[in-house]
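Remarks on the structure that follows.
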Number of protein chains: 2
Amino acid sequence: MSTPLTQAERSAVSDKAMLVSAMNLILAHGTDKTTLAMIGEAAGYSRGLATYQFGSKAGLYDALCKSISRNWLEYLKSGVGDKVGIEAMCAALDAIRQFVEDSPREGRVLQILYCGAASPSSEFPDTSIGIHNRQRSDVVEWVKAGQANGEIRKDVDAVAVASHYVSYISGMTYLWLTSPETFDFSTTNAEMKRQLRVSLAARGTNA
Amino acid sequence: MSTPLTQAERSAVSDKAMLVSAMNLILAHGTDKTTLAMIGEAAGYSRGLATYQFGSKAGLYDALCKSISRNWLEYLKSGVGDKVGIEAMCAALDAIRQFVEDSPREGRVLQILYCGAASPSSEFPDTSIGIHNRQRSDVVEWVKAGQANGEIRKDVDAVAVASHYVSYISGMTYLWLTSPETFDFSTTNAEMKRQLRVSLAARGTNA
DNA sequence: TAATCACTTGCTTGTTGACAGCAAGTAACT
DNA sequence: AGTTACTTGCTGTCAACAAGCAAGTGATTA
């Protein structure tokens, strides 16, 4: 209780507080208009701590991006389990939906940060690119496993299917971010699932 | 030749020069690290002209976004012609590909600007949102027309199909922007077309 | 065991250079 | 002369850095 914190604990506490403040401020004002001083002071520290802890604004946003991504990948893993093939792809879509419902703030900020990573000389492109590449390789494996067990037709290119699938997810989350009122997550995802089932199913599996 | 330009011409010339400079600088340094002074001076004018002409940095980027978007919509219109249904959707995908091949710089910058518009309190969200909404309504019409002429199965939700389709396009261009080396435009689009044909074709049309 | 001291780590404050935006001015067309 | 295109001087704000202060840590000594 009154036990003084160890150094490591102090750091962990301030670190976490900074990321939380950053997330709130990004949601309220966007990445550009959020200043490092605002983040530090909103977290209950000084205006200089954000720079000190994370080196730069880009460093802080990168850390935030990694933090939320870890969270999201947990969701994804537990949603997909050890499914493969079409079922894995559909389960991943459901996992996104669940994540966005349970943690809309995290979801929105992650999407905003991914967008920021698109600019040339963004200082944290690797985080975003790495995650998308990893997602795509996962999907490639799902497709190949589905082809191996006969669920998915053998004449589709697993890499092309994975690129297509990841493209859809990226764009879908982007549109959800930019126009949450007019974009219907559920029906759009349902259509995606329908198309996946119809277009990937091996002959005869398509009941 | 030595005829002095009219005021309107002077404006048009400097306006154009500013947008070209802005595009080059954004490609080289990203939107954040490009300064209004750089843009003005690269265009052969003073550091202050950009602010004067466009009011603000956001104003300039909005104008650039509109300018490239106009260009792109021309491409789209001429590529799709008066096709409807699945063929219109496939033709639009080809038009994107052609635009990106003919004008990769415009394509990249447009995508970067769309990403910038995603942030809350972006000062030009309407341009991006408007274009995406318009694209989606166009697709809804294509789908409905395809259903009317019997090409597309009647039991799909036109709005869901359109949302799905626009999602794919958004994400595909985003991935092309962020990792142009590892992303194969052609095969990914080919897979999208294949899925559209298989999953939307009315019964019996699926040769 | 407790006290102290040398050292490390967490955090703050002073400062600098760069930038966006504005306002007042100059030059070019009409 | 008057309007429109463009420039220059200026200000407030911000990211980044550097120097310092305070809180924690671990070894030595008694």
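Here is the naming used below: chain letters follow the sequence lines, and residue numbers restart at 1 for every chain. When reading the values below, keep in mind they use all heavy atoms of this one structure, side chains included, and skip hydrogens, waters and symmetry mates.
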Measure the distance from CG on A/Asp32 to C1' on C/dG21 and round it to the nearest whole Å. 16 Å
Nearest of C/dC19, D/dG9, C/dC22 to any side-chain atom of B/Thr51? C/dC22
Could you tell me the separation between the CZ atom of B/Phe54 and the P atom of C/dC22, rounded to a whole number of Å? 16 Å
Is there a side-chain polar atom (N or O) of B/Ser14 under 4.0 Å from OP1 or OP2 of D/dA5? no
Proximal nucleotide (of C/dC29, C/dT12, C/dG21) relative to the A/Tyr45 side chain: C/dT12
Please pick, from C/dC11, D/dT7, C/dA20, the nucleotide with the shortest atom-to-atom distance to any side-chain atom of B/Leu49. D/dT7
Is a side-chain N or O of B/Tyr61 found less than 3.5 angstrom from the main chain of B/Leu113, in a donor-acceptor match? no
Rounded distance in Å - CZ (A/Arg47) to P (D/dT13): 14 Å
First encountered from the 5' end of DNA chain C, between A/Gly44 and B/Arg10: A/Gly44
Is a donor on one side and an acceptor on the other found under 3.5 Å between the side chain of A/Tyr165 and the backbone of A/Met89? yes
Between B/Glu191 and A/Asp157, is there a donor-acceptor pair closer than 3.5 Å when you use the side chain of the first and the backbone of the second? no
Show the numbers, then the answer: is there a side-chain hydrogen bond (donor to acceptor under 3.5 Å, both in side chains) between B/Ser128 and A/Tyr174? CA-CA 11 Å; B/Ser128 160; A/Tyr174 171 82; 3.3 Å; yes
Reading DNA chain D from 5' onward, which residue's closest nucleotide shows up sooner: A/Gly55 or A/Met38? A/Met38
Output the rounded distance in Å from CG (A/Leu36) to P (C/dC19). 17 Å
Using whole Å, report how far OH of B/Tyr61 lies from P of C/dC19. 12 Å
Look at the side chain of B/Lys57 and decide which nucleotide, out of C/dG21, D/dC14, D/dT8, has an atom nearest to it. C/dG21
Residue-phosphate contact under 4.0 Å: B/Gln53 side-chain N/O, D/dA5 OP1/OP2: no
Students often get this wrong, so: under 4.0 angstrom with heavy atoms, is B/Tyr52 touching a base, only sugar-phosphate, or nothing? base
Integer-rounded Å distance: D/dA16 P and A/Ile39 CD1: 11 Å
Salt-bridge present (B/Glu101, B/Arg97; N to O < 4.0 Å): yes
In whole angstroms, how far is the P atom of C/dC11 from the CD atom of A/Glu41? 15 Å
Figure out the CD/P separation between B/Glu9 and D/dC6, and round it to whole Å. 12 Å
Ignoring backbone atoms, establish whether B/Ser11 has a side-chain N or O less than 4.0 Å from OP1 or OP2 of D/dA5. yes
